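In this text, all values refer to a predicted model and were calculated from it rather than measured experimentally.
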Amino acid sequence: MHRRSALGGAITALATAAAGVLVAAAVSTAPAVAAPAGTGTGYLHTNGNRIVDSTGATVRITGINWFGMETDNKTFHGLWSTNPWRGQIDKMASLGYNTLRVPYSNDALKPGATASGINDFVNPDLVGLSPLQILDKVIGYAGGKGMRVILDRHRPTSAGQSPLWYTPTVSEATWINDWKMLAQRYAGNTTVIGADLHNEPHAEGTNPAATGACWGCGDPARDWRLAAERAGNAILSVQPNWLIFVEGVSCPSGGLSNVWDNDPSNDEDCGWWGGNLTKAKDFPVRLDVPNRLVYSPHEYATSVFEQNWFKSPDFPDNLPGIWDKYWGYLHKQNIAPIMMGEFGSTLADPRDRVWLEKLMAYTGTGLDGMSFTYWSWNPNSGDTGGIALDDWTSINTTKQAILQPYLIPPVGGGDGPTPTPTATPTSSPPPPTGGCTAAYRQVNAWQGGFQGELTVTNTGTATVNPWQVTWSWPAGVSLASGWNATVTQSGTTVTAAAPTWAGTLAPGASVTVGFTANGSSAAPGAVKLNGVAC
C-alpha cells in the first residue's frame, strides 16, 4: 500500500501500491501565448515558469497517475477489473485529465519480465505481452486521444522505494542506461514528453550521520541535484526533446533530525519525500540542453501524515506560505515551471478537503496555472484512494468536483509525429465512391455483456475524409466503451466517428472499431460507411 510515516520529527513519505490480484493563485511573470485547450503541438519545452509547445503556446499539464508497473504485477493495476484498459483511458480523458504519469520499476524493464494481474477475458489483446509492450499500447492509445505521457522511475525494484537513486542491486549505471533505452524507444513519439528521474528522494540516517538524498551537499553519492544532472544530461544526449522532471528531497541535508540531542545545529526544516525544493534556487539543476527543466514536488494531506502545519492554529491560512517556501517560489519568481507530480487524500478528515481546495486554488486557474498529475486513478492506493472507485469504472465525484475547474481536457493528436488536423464537416460526411465491406468479430462475452471488433473497408475509388461508420443494435443492447473512434449511441443506432489523428480512409484501407457493450451478444446490423451500406 502507499504508506508514508514519521520518524524523529521529520517525515518519511511515499512507498507504493499493494500488488493487485485477479479477483492563492500563482502569478506568471512571463507573457502567455494563447493556445487552444489540450496538450499543444509537437514536443514541449519551457519558457520561464511556463511549459510551452513547439509553437510557443502555453500548455498546462493536468494529469493523473495510473500506477502498477512499479509493483510485482509489472503493469497497470485495474487490468484485472471488468473495465477494459481502453475504457479506463477513455474515462480519464473524458474527465479532463490530459496527461498520464506512469510509475515503473527497473524490474519491469528487464528482458523476460512478465506482466500479471490481467483479466484476459476483458483484455485479450494484452495476453502474452511484456510490460513494455503493454506500455506501448497504452501510450499509443492515450496519444490518439490527445493525451501526453510522463514516465516515472518510481522504484529501483518492485520491492519498494529507495532514498537514493541507486541500491546495492540497481546501480546508477543501470538507472541511467534504462532511461536512455526508454528515451530511444519512444524517440519521435510526441506523446511521451519526458522523464521523472527518480521518485521521492528522501532522507535516511540521523544527522550528523546522514545517508539519504541531500540537495547541494556536494557528495556525488548522495547529492540528488548532481545525480539529476548526470541522468538528465544522459537522457538529453539521446533524446534532446524530452522534459526532465526533477523532484525535491525531504531534508536538504539528507538526514533526519535528532530532536533528543539538544543540538539544534543538526535539526532542519524537512518536508514531504520529494517535496522540498528550498535549495533549488541556490543549487539549480544544470542541463546541457536549455529549456528542458521542470521541478516536480509532491504534496500530501493528513491521510498520508499529519504534518505540524495541519495542527497549526492558523490552518488553513498558513498553507500558501508553506507551499511558497518549499516549491512555489520557483514558479512565482519565474525560475522554472512547477509540475506537482503527486498529491492526494482519502478526504476522510474534513481538513483534507480544505487542503485540496486551497492547493488547487494555489496552483491557479486556466493555462497559466501550475501543472499537476493527481495521485491517483487507482482506487487501491492505501493512503489516498483514487478518482476511480473499487469497480475501476465509477468515479469519486467529491474529489472530481474539486479538481474539475482546473482540468484542461486533451484535444487532438500527440501520438507519433504531429498529425494534420482534420477539417470538421459542416454537413453529412461525404459518401465513398463505390462502397464498403464490413466484417465483425466477437472477441469476448460474459454475463450481461460482450466485446467486439467491427472492421470496415473502403472498397470505393476515392478517399473518405472524414469517415464515419454507423450500425444498429437490437433494443436492450447498449454501448459501454469504444476505441479507435469516437463511439456514441442514440437509440439503437451506434456512430463511430473518425478521430482527429486518423480522419481519412483511403481506397482499400480498413478501420477496426472496438467496443464493449451491455446486453445479449449481437452483431452490428445495417453497417454503413458515410451513409453507404456495406
Side-chain angles (χ1 to χ4, degrees), residues 79 81-91 94 118-129 137-138 140-141 144-145 393 422 428-534:
L79 300 184
S81 75
T82 57
N83 191 5
W85 68 272
R86 291 184 181 90
Q88 299 197 47
I89 297 174
D90 288 342
K91 178 61 73 172
S94 70
I118 299 173
N119 185 337
D120 57 7
F121 200 59
V122 175
N123 297 302
D125 54 333
L126 302 184
V127 175
L129 298 186
K137 291 179 75 73
V138 167
Y141 188 71
K145 303 190 77 65
T393 301
T422 301
S428 298
T433 302
C436 57
T437 60
Y440 174 66
R441 181 174 78 96
Q442 181 172 299
V443 177
N444 267 313
W446 54 88
Q447 182 79 26
F450 62 101
Q451 178 181 350
E453 292 180 348
L454 177 63
T455 300
V456 175
T457 302
N458 177 11
T459 59
T461 58
T463 296
V464 185
N465 183 14
W467 58 264
Q468 178 177 284
V469 172
T470 59
W471 70 83
S472 62
W473 268 332
V477 178
S478 61
L479 179 73
S481 66
W483 50 92
N484 296 340
T486 301
V487 188
T488 58
Q489 182 173 2
S490 177
T492 59
T493 300
V494 181
T495 300
T500 56
W501 69 93
T504 62
L505 195 62
S510 300
V511 61
T512 298
V513 179
F515 58 80
T516 57
N518 303 311
S520 300
S521 299
V527 178
K528 297 179 181 180
L529 174 62
N530 289 38
V532 173
C534 298

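- Side chains of Thr455 and Thr512: a donor-acceptor N/O pair is present below 3.5 angstrom, by distance only.
- For the residue pair Gly508 and Thr457, the shortest heavy atom distance occurs at O-CG2, 3.8 Å.
- Between atom CG of residue Leu529 and atom OG1 of residue Thr437 there is a gap of 9.5 Å, rounded to the nearest 0.5 Å.
- Atom-to-atom distance recorded for Asn458:CG and Asn465:CG is 11.5 Å, nearest 0.5 angstrom.
- In terms of heavy-atom proximity, Gly435 sits nearest to Val532 at CA-CG1, 4.2 Å.
- Among residue pairs with one or both ends in residues 511-529, none qualify as salt bridge (Lys or Arg N to Asp or Glu O under 4.0 Å); sequence neighbours excluded.
- Residue pairs meeting the salt bridge (Lys or Arg N to Asp or Glu O under 4.0 Å) criterion with at least one partner in residues 505-514, sequence neighbours excluded, are absent.
- Smallest separation of non-hydrogen atoms from Thr82 and Val122: O-CG1, 3.7 Å.
- The shortest non-hydrogen separation linking Thr492 to Pro474 is CG2-C, 4.4 Å.
- Between the Gln88 side chain and the Asp90 main chain, no donor and acceptor come within less than 3.5 Å of each other.
- Within the 4.5 Å cutoff, no side-chain heavy atoms of Trp85 are placed close to those of Ile118.
- Two residues are said to be in side-chain contact when any heavy atoms from C-beta on lie closer than 4.5 Å; Thr463 and Pro507 meet this criterion.
- Using a 4.5 Å cut-off on side-chain heavy atoms (C-beta onward), Val456 and Trp471 make no contact.
- Within the model, atoms CG of Leu454 and OG of Ser510 stand 10.5 Å from one another, a figure rounded to the nearest 0.5 Å.
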Distance-only criterion, 3.5 Å: show the donor-acceptor pairs between side-chain atoms of residues 514-525 and protein atoms not counting sequence neighbours.
unit_1, atom_1, unit_2, atom_2, d
Thr516, OG1, Ser481, N, 3.4
Thr516, OG1, Ser481, OG, 2.7
Ser521, OG, Gln442, OE1, 3.4

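- Between Lys91 and Thr393, every side-chain heavy-atom pair lies at or beyond the 4.5 Å cut-off.
- Of all heavy-atom pairs between Leu479 and Gln489, the closest is N-OE1, 2.6 Å.
- To the nearest 0.5 angstrom, Lys145 atom NZ is 6.0 Å from Thr486 atom OG1.
- The closest donor-acceptor contact from the side chain of Asn123 to the backbone of Arg86 lies at 3.5 Å or more, if one exists at all.
- In terms of heavy atoms, Trp473 sits closest to Ser478 at CZ3-C, 4.2 Å.
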